[in-house]
Amino acid sequence: MTVRTRYAPSPTGDPHVGNIRSAVFAWAMARANGGQFLLRIEDTDRARLVPGSMDAIFESLRWLGIDWDEGPDVGGPHAPYVQSERLHLYQAAASELIAKGRAYRCFCTAERLDAMRASQTAAKRPPGYDGLCRGIDAAESESRAKSEPFVVRFRMKDEGQTVLRDLVRGEIVFENALQDDFVALKSDGFPTYHLAVVVDDHEMEITHAIRGDEWVSSAPKHLQIFEALGYEPTLFAHLPLIVGVDRKKLSKRSGDTALLDYAKKGYLPDAMLNFLTLLGWSLDDKTTIISRETLLKSFTVERVVPNPAAFDLDRLNFLNGQYIKQLTDEQWEAVVREWAERDLPGHILRPLDEDLVRQVAPLLRDRVGTLSEVAPQIEFLFGGAAPEYPKELLSERLGGEHMEALRVVDAALLALDAVSPELWVKERIEAAIRGMEEPLGMKLRKFASVLYVAAMGRAAGIPLFDSLEILGRERSLDRLRRARGLLE
RNA sequence: GGCGCGUUCGUCUAGUGGCCUAGGACGCCGCCCUUUCAAGGCGGAGAUCAGGGGUUCGACUCCCCUACGCGCUACCA
């Protein structure tokens with residue numbers, strides 16, 4: 001049996017990280033077993049449609065490098081892959097269920113249903129459909145259907161148990177008597193999720209339904225529809241939720257929830273994939289860095305843990321750093337260029353100076369957590385203007401002694417002016433600056449910050465000697481003179 | 001309220017009856033390295049395995065109860 005899994009999001013906005021994590025697992029499951037992975041859009045709720053969601057779904061998957069074999073954009077043997085284009089299938093299934101006595105038309109109005117629930121709640125009874133329309137006979141049902149709006153309700157069994165054999169959680173038993181008749185086909189002719197997922201998973205030959213934990217409680221509905229329609233049910237794997245570090249459902253409060261926000265913030269797709277992969281799944285007791293290849297080779301749902309996982313940004317940041325280190329020099333340089341082009345202020349001319357980018361890229365590698373940190377660190381190298389900074393910054397690490405800072409700047413001016421233009425290389429610059437220790441009676445460690453600030457406008461960043469070399473002799477001396485001007 | 005799921009260091013997790021005086025990783029702390037910031041190296045603190053009962057020669061691992069958290073309880077998915 002070929003494994004076929006799917007990711008079936010609703011186009012109701014930008015895909016959430018938790019949702020995408022389900023896609024990762026479903027995809028990995030298919031690939032690890034040499035099967036197929038498909039994308040299906042579940043747009044049966046017209047009220048919640050958000051324009052542009054489809055593109056956001058495509059973009060999210062592509063960014064992570066998740067590919068699909070069948071889907072709305074690439075087609076496939078079970079096209080269309082958008083539920084709103086498959087209504088006839090659900091309507092046919094609903095008719096079949098009615099004919100088999102496993103579903104019935106319900107003419108109850110929204111008002112009656114609301115009132116019913118209100119009184120049930122008031123009486124501290126569990127809310128649920130009271131079965132008023134269950135007994136309507138076929139003839140009456142047919143005739144009322146011609147003039148009254150109706151929904152099709154699935155008739156859940158009254159006795160016995162429905163057993164879900166979940167691949168992650170094991171056996172879960174539901175009492176049929178506690179299940180209530182749910183709407184399978186809405187009055188607008190659209191199916192609810194319950195009907196649509198069963199019809200499509202069967203029709204598309206899905207073998208494993210891999211989805212979020214929030215679906216566990218409706219699994220008996222799905223199981224009973226499969227049975228009523230005479231279909232072999234899919235296997236089920238319910239994935240643990242992803243929660244915030246506060247243990248609450250991941251929300252805006254706990255950080256960004258849309259996958260693409262992380263792309264914008266400067267995370268590498270491979271790092272994100274690694275992070276998501278290990279949220280609820282593990283390869284063994286040691287692996288924390290796992291390649292795409294390994295994941296796609298060794299994923300098994302048996303190793304999915306059942307408990308919710310917290311989205312820990314510290315871990316993501318760590319992984320991002322690891323993946324940055326893994327890039328080749330060429331790849332890293334391209335990333336630096338891309339983010340610098342993107343984030344550097346608009347007044348700096350594009351395209352950016354190739355040589356500067358090439359020289360500075362290696363120095364950035366160990367100093368960047370997310371890619372959005374690239375531009376602020378190298379801005380001082382680009383554009384004609386010297387960086388702006390408050391003069392207090394110059395002496396900040398000298399206990400605020402402006403005169404001391406001035407002595408340092410003067411000594412540096414003297415020492416660096418002595419380095420000839422043709423010898424303006426890191427080693428010579430370093431020697432000149434180290435030579436300042438004695439006359440100044442100060443350790444380099446002590447006075448370096450003055451020079452960092454003078455050169456780049458900040459006390460921390462890429463190494464000083466490299467900065468000055470890349471900056472060039474004239475610009476370096478000029479910035480020292482400006483610092484001197486501020487201190488006087 | 002009902003039903004369901006979950007509960008191992010702050011976090012992600014390993015662990016399927018003895019290998020566990022519970023392992024790894026992130027984070028945290030300290031030291032080293034060091035021109036800043038990082039990175040790196042080394043070391044450390046950190047979990048009586050939610051609590052309580054069983055079963056067993058033996059339980060983190062099996063069973064029951066309790067507590068807490070979460071999910072579902074729509075003509076939303």
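Between A/P15 and A/S60 the shortest side-chain heavy-atom distance falls below 4.5 Å.
Residue A/R315 is the one, among A/D366 and A/R315, whose nearest nucleotide of RNA chain B lies closer to the 5' end (criterion: closest heavy atom). Place A/P126 and A/I172 on RNA chain B by their nearest nucleotides, and A/P126 ends up nearer the 5' end.
For A/H194 and A/F154, the distance between ring centers is not under 6.0 angstrom. A distance of 6.0 Å or more separates the ring centres of A/F58 and A/Y7.
Side-chain contact annotation: A/T287 with A/D284, donor-acceptor N/O pair under 3.5 Å present. Side-chain contact of A/Y267 with A/N317: a donor-acceptor pair under 3.5 Å is present, judged by distance alone. Between A/T162 and A/Q224, the side chains place a donor N or O and an acceptor N or O closer than 3.5 Å (distance only, hydrogens not considered). Side-chain N/O atoms of A/D45 and A/Y193 include no donor and acceptor closer than 3.5 Å. In this structure, a donor-acceptor pair under 3.5 Å is absent between the side chains of A/H238 and A/R169.
In this structure, A/E438 places its CD atom where only 12 or fewer heavy-atom neighbours from other residues, nucleotides or ligands lie under 6.0 Å away.
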Produce the list of close N/O pairs, under 3.5 Å, pairing protein atoms with atoms of nucleotides 29-36 of chain B; give distances to one decimal.
| residue | atom | partner | partner atom | Å |
| --- | --- | --- | --- | --- |
| B/U35 | OP1 | A/R434 | NH1 | 3.4 |
| B/U35 | OP1 | A/R434 | NH2 | 2.4 |
| B/U35 | O2 | A/Y452 | OH | 2.2 |
| B/U35 | O2 | A/L464 | N | 3.3 |
| B/U36 | OP1 | A/R445 | NH1 | 2.8 |
| B/U36 | O3' | A/R397 | NH1 | 3.3 |
| B/U36 | O2' | A/R397 | NH1 | 2.9 |
| B/U36 | O2' | A/A459 | O | 2.8 |
| B/U36 | N1 | A/Y452 | OH | 3.1 |
| B/U36 | O2 | A/G461 | N | 2.7 |
| B/U36 | O2 | A/G461 | O | 3.1 |
| B/U36 | N3 | A/Y452 | OH | 3.3 |
| B/U36 | N3 | A/G461 | O | 2.6 |
| B/U36 | O4 | A/R367 | NH2 | 3.1 |
| B/U36 | O4 | A/P463 | N | 3.3 |

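To the nearest whole angstrom, the two C1' atoms, one in B/U11 and one in B/G53, are 31 Å apart. Taking atom P on both B/C64 and B/C5, the two are 11 Å apart, rounded to the nearest angstrom. Only the P atoms considered, B/G30 is 13 Å distant from B/A38, to the nearest whole Å. Here, B/C70 and B/A59 have their C1' atoms 27 Å apart, quoted to the whole Å. The same atom, C1', is picked in B/G41 and in B/U55; the two are 49 Å apart, to the nearest Å. Atom name C1', nucleotides B/U61 and B/C19: the rounded distance is 14 Å, in whole Å. Nucleotides B/G46 and B/C3 are separated by 38 Å at their C1' atoms, to the nearest Å. Atom P of B/C62 sits at a distance of 11 Å from the matching atom of B/U16, rounded to the whole Å.
Residue A/G280 is classed as a sugar-phosphate contact, given heavy-atom separations below 4.0 Å to backbone atoms only. Residue A/V368 is out of contact with every strand shown, counting any heavy-atom pair closer than 4.0 Å. A/K325 comes within 4.0 angstrom of sugar-phosphate atoms only, judged by non-hydrogen atoms across all strands, and of no base.
At whole-Å resolution of the value, NZ in A/K286 and P in B/A14 are 13 Å apart. The separation between A/N176 atom CG and B/C3 atom P is 15 Å, rounded to whole Å. Going from atom CG of A/L283 over to atom P of B/C12 covers 19 Å, rounded to whole Å. Going from atom CG of A/L313 over to atom P of B/C12 covers 14 Å, rounded to whole Å. Counting to the nearest Å, the P atom of B/G4 and the NE2 atom of A/H222 are 17 Å from each other. Rounded to an integer number of Å, the gap from A/D314 CG to B/G10 P is 15 Å. Between the CG atom of A/L393 and the P atom of B/C37 there is a distance of 14 Å, given to the nearest Å. If you take CG of A/L239 and C1' of B/G6, they are 14 Å apart, rounded to a whole angstrom.
An OP1 or OP2 oxygen of B/G15 is reached within less than 4.0 angstrom by a side-chain nitrogen or oxygen of A/R303.
Across all strands shown, B/A67 pairs with B/U7; the Watson-Crick or G-U wobble distances both stay below 3.5 Å. Under the Watson-Crick or G-U wobble criterion, with both distances below 3.5 Å, B/U34 is left unpaired in every strand shown. The nucleotide B/A45 finds no pairing partner, because no Watson-Crick or G-U wobble arrangement with both distances shorter than 3.5 Å includes it. Base pairing of B/C62: its partner is B/G54, meeting the Watson-Crick or G-U wobble criterion (both donor-acceptor distances under 3.5 Å).
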Each nucleotide in nucleotides 67-77 of chain B should get exactly one letter: B, S or -. Can you fill that in based on protein heavy atoms under 4.0 Å? ---SSSSSBBB

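At least one donor-acceptor pair under 3.5 Å links the side chain of A/D180 to the backbone N or O of A/Y129.
Of the residues listed (A/R105, A/R155, A/R134), the one engaging A/D181 in a salt bridge (Lys or Arg N to Asp or Glu O under 4.0 Å) is A/R134, and it is the only one.
Side-chain atoms of A/L279 lie closest to B/C12 of the nucleotides B/C12, B/A25, B/G4.
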